[in-house]
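Notes follow the structure.
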Amino acid sequence: VLLIVFPFLFFFYMQVFTYYIKSGRELKRLDSITYSPIFSALTETLNGVTTIRAYKLQEQQQNLNDDRINDNAKAFHPMSTAQAWV
């Protein structure tokens with residue numbers, strides 16, 4: 001009985017494994033894409049902090065940074081959940 005069932009289970013496992021690998025790769029790519037703007041914006045903010053303060057745009061800059069971090073969290077959470085699944 002095991003010799004009959006094992007090939008089917010193995011085939012099913014390989015299908016799930018292949019799907020997981022492709023999905024995990026895509027989730028990692030999305031995380032990287034949303035992670036990069038956070039550091040770019042941080043560098044720009046540090047370089048332009050005097051201008052931001054001069055024009056009193058601190059709140060606007062904070063909102064933009066919050067949006068970037070939220071976008072990254074939307075991509076990071078599924079990725080971390082998928083990694084924990086393994």
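Here the structure is a predicted model, which means the values were calculated and not measured.
With values rounded to the nearest 0.5 angstrom, Leu57 atom CG is found 11.0 Å from Thr45 atom OG1. Here CD of Gln62 is found 10.0 Å from CG of Asp67. Values are rounded to the nearest 0.5 Å. Here CD of Glu59 is found 10.0 Å from CG of Asp66. Values are rounded to the nearest 0.5 Å. Note that NZ of Lys28 and CD1 of Ile33 are 11.5 Å apart. Values are rounded to the nearest 0.5 Å. Between Met14 atom CE and Leu9 atom CG the span is 13.5 Å, to the nearest 0.5 Å. Expressed to the nearest 0.5 Å, how far OG1 of Thr43 lies from CD1 of Ile38 amounts to 12.0 Å.
Tyr20 is connected to Phe10 through a chain of hydrophobic side-chain contacts under 4.5 Å among Ile, Leu, Val, Met, Phe, Trp and Tyr, so both are in one cluster. Linking Ile, Leu, Val, Met, Phe, Trp and Tyr residues whenever their side-chain heavy atoms come within less than 4.5 Å places Ile52 and Tyr55 in a single cluster. Phe12 and Phe17 fall within a single hydrophobic cluster, where Ile, Leu, Val, Met, Phe, Trp and Tyr side chains are chained together by heavy-atom contacts under 4.5 Å. Following chains of ILVMFWY side-chain contacts shorter than 4.5 Å, one can reach Val16 starting from Tyr13, so the two form part of one hydrophobic cluster.
Phe11 is not listed as a side-chain neighbour of Pro7, based on a closest heavy-atom distance of 4.5 Å or more. In this structure the side chain of Arg29 reaches within 4.5 angstrom of the side chain of Glu26, judged on heavy atoms. Residues Thr34 and Arg68 form no side-chain contact, since every pair of their non-hydrogen atoms from C-beta on lies 4.5 Å or further apart. Considering only heavy atoms from C-beta on, His77 comes within 4.5 Å of Thr81 through its side chain.
Atom CD of Gln15 has more than 12 neighbouring heavy atoms from other residues, nucleotides or ligands inside a 6.0 Å radius.
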Decide yes or no on side chain to side chain contact (heavy atoms under 4.5 Å, CB included) for Asp71 and Lys74, but give the supporting numbers first. CA-CA 5 Å; Asp71 289 343; Lys74 289 176 191 174; 4.0 Å; yes

Worked verdict on Gln83 versus Met79 for side chain to side chain contact (heavy atoms under 4.5 Å, CB included): CA-CA 6 Å; Gln83 287 177 345; Met79 185 191 67; 4.1 Å; yes

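A donor-acceptor pair is defined here as one N or O able to donate and one able to accept, closer than 3.5 Å; no such pair exists between the side chain of Asp31 and the backbone of Leu27.
Taking each heavy atom of Ala73 and Pro78 in turn, the nearest pair found is O-CD, 4.4 Å.
The ring-ring contact (aromatic ring centres under 6.0 Å, His included) check on Tyr35 picks up Phe39, with sequence neighbours excluded.
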